[in-house]
Protein chains: 2
Amino acid sequence: MTRTQPPRRQLHPEEQARFEAFLRSRDLKCTDERKALLDAVFASKHHFDADSLHLALRQKGNEISRATVYRTLDLLVQCGLVRKQSLGDQHAHYEAVHGDEHHDHLICLNCDTVIEFFKPDLEAMQDSICLEFKFKPLHHNLQIFGICRACQAKGTEGLDLAHRVSQLHA
Amino acid sequence: MTRTQPPRRQLHPEEQARFEAFLRSRDLKCTDERKALLDAVFASKHHFDADSLHLALRQKGNEISRATVYRTLDLLVQCGLVRKQSLGDQHAHYEAVHGDEHHDHLICLNCDTVIEFFKPDLEAMQDSICLEFKFKPLHHNLQIFGICRACQAKGTEGLDLAHRVSQLHA
DNA sequence: GTCCATGCAAAGCCTTTGCAGTGTG
DNA sequence: CACACTGCAAAGGCTTTGCATGGAC
């Protein structure tokens, strides 16, 4: 197995292609930083924030600035490859969009675990509400804050839950 | 009709009583600033943010500092009289809680109108999801972003909607 | 060669906090 | 009369921006 490998494998070809098409369509440039960031985003299985993405990139040896992280995330969101969400604290969270799937979130106020779920009935019901108000939906967001199963079992809840609820900002 | 009026009418007796009970229960004090802020909150019909509340208070002649506005809003949220929400931009929004009602929001990305709605079926469905995950819900939040009926009619939508969606942060 | 992109550092915005003085209970 | 509350100003956290340099096409 000593076949020559290409110097840089394309890790997420489909998303890469979509991003490049988006960039071309706007006369933007496909830089190394942008490619590296796309890879890092699609390598992540879960939610992340700008800072942890920045850190992950640096740890992989990509000397990329925080400013570029923000600028590129913005592009990815506009291009539909990334979603930006608030999960109840003061900073933005992001997640890679795989295919067309949409899911909502259960967020544990005790251990910060985020459980994703998808319920078609729920989406249908939202559509019917929009119809009722003649509102054209573009995006939605449902978050349920509470205590996850594990934390209920541990019984460690309730330290300063009242305060966390008040700080939800969501 | 020249009956003597009390020097300061209690504008929102029920909420005032609840707030005072809350304060007493924590050995906190019922100051003029806190009373004025409560009044201002319940005088507002819609959503507001900390800054506009601060402004409204000053315009009514209450020299209250921004710090106290934040501190008191926090108390009101903990006491359940106010809800704190993110409506897609970078700062927190608040709304007075009248009774036990809960509602969700349709948010127009073109004119920023917020339409409130309540759908019991939706709440029930959320409960069933929580049951499924053995998740104990404490608070939830559903926002649907899009274009309201009026803006669809005006056809003024779509200026930089993509960018607004990307900035949702929600 | 022309713009666009990057990094840096500074500024921005909203929010929180330390401190000294003031007022409530 | 103790302890909580206020205002002020400064700090804080996250994000954006201006500017000069470097890079893609």
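Any value given below was found using the heavy atoms of this structure, including those in side chains, with hydrogens, waters and symmetry copies removed. Because the structure is predicted, anything quoted here is derived from the model rather than measured. Naming convention: chains lettered A, B, ... in sequence-line order (proteins, then strands); numbering from 1 in each chain.
- Going from atom NE2 of A:His93 over to atom P of D:dC14 covers 10 Å, rounded to whole Å.
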Query raised in the report: Does the side chain to side chain contact (heavy atoms under 4.5 Å, CB included) test come out yes or no for A:Ile115 and A:Ile107, once each step is laid out?
Result: CA-CA 6 Å; A:Ile115 302 168; A:Ile107 302 160; over 6 Å; no
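- Under the rule for a ring-ring contact (aromatic ring centres under 6.0 Å, His included), the partners of B:His105 that lie at least two apart in sequence or sit in another chain are B:His47, B:His103.
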Report task. Begin from the C-alpha positions of A:Gln78 and A:Arg26 and carry the test side chain to side chain contact (heavy atoms under 4.5 Å, CB included) through to its verdict. Result -> CA-CA 12 Å; A:Gln78 287 182 46; A:Arg26 297 200 178 192; 2.9 Å; yes
Which donor-acceptor pairs under 3.5 Å do side chains of residues 120-132 of chain A form with protein atoms, sequence neighbours excluded?
| unit_1 | atom_1 | unit_2 | atom_2 | d |
| --- | --- | --- | --- | --- |
| A:Gln126 | OE1 | A:His140 | ND1 | 3.1 |
| A:Gln126 | OE1 | A:His140 | NE2 | 3.3 |
| A:Ser128 | OG | A:Met125 | O | 3.0 |

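- Rounded to 10 degrees, the angle separating the terminal helix axes of the helix from C:dG1-D:dC25 to C:dG25-D:dC1, each built from five base pairs, is 40°.
- Rounded to an integer number of Å, the gap from A:Lys29 NZ to C:dT2 P is 12 Å.
- Distance B:Lys35 NZ to C:dG23 P: 14 Å, rounded to the nearest Å.
- What separates CG of A:Asp49 from P of D:dT15 is a distance of 7 Å, to the nearest Å.
- Look at NE2 on A:His91: it is 17 Å from C1' on D:dT16, rounded to the nearest Å.
- Atom P of nucleotide D:dC14 and atom CG of A:Asp89 are separated by 9 Å, given to the nearest angstrom.
- Remark: A:Lys84 NZ to A:Asn141 CG distance equals 13.0 Å, nearest 0.5 Å.
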List, with names and distances, any nitrogen or oxygen atoms from the protein found under 3.5 Å away from nitrogen or oxygen atoms belonging to nucleotides 6-8 of chain C.
| unit_1 | atom_1 | unit_2 | atom_2 | d |
| --- | --- | --- | --- | --- |
| C:dT6 | OP1 | A:Thr31 | OG1 | 2.9 |
| C:dG7 | OP1 | A:Glu63 | O | 2.7 |
| C:dG7 | OP2 | A:Ser65 | N | 3.0 |
| C:dG7 | OP2 | A:Ser65 | OG | 2.9 |
| C:dG7 | OP2 | A:Thr68 | OG1 | 2.6 |
| C:dG7 | N7 | A:Arg71 | NH2 | 2.8 |

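- Neither side chain, A:Gln143 nor A:Asp104, offers a donor N or O lying under 3.5 Å from an acceptor on the other.
- Considering only residues two or more places apart in sequence or on other chains, B:Ser44 meets the side chain to side chain contact (heavy atoms under 4.5 Å, CB included) condition with B:Phe48.
- Of the N and O atoms on the side chains of B:Asp49 and B:His91, at least one donor lies less than 3.5 Å from an acceptor on the other residue.
- Scanning for side chain to side chain contact (heavy atoms under 4.5 Å, CB included) contacts around A:Thr31 gives A:Lys29, A:Glu33, A:Arg34, with sequence neighbours left out.
- What separates CG of B:Leu23 from C1' of D:dC5 is a distance of 11 Å, to the nearest Å.
- When the side-chain nitrogen and oxygen atoms of A:Tyr70 are compared with OP1 and OP2 of D:dT15, one or more of them lie within a distance under 4.0 Å.
- When the P atom of C:dA5 is taken as reference, atom CG of A:Leu37 falls 14 Å away, rounded to whole Å.
- Nearest to the side chain of B:Ala92, among C:dA5, C:dT15, D:dC14, sits C:dT15.
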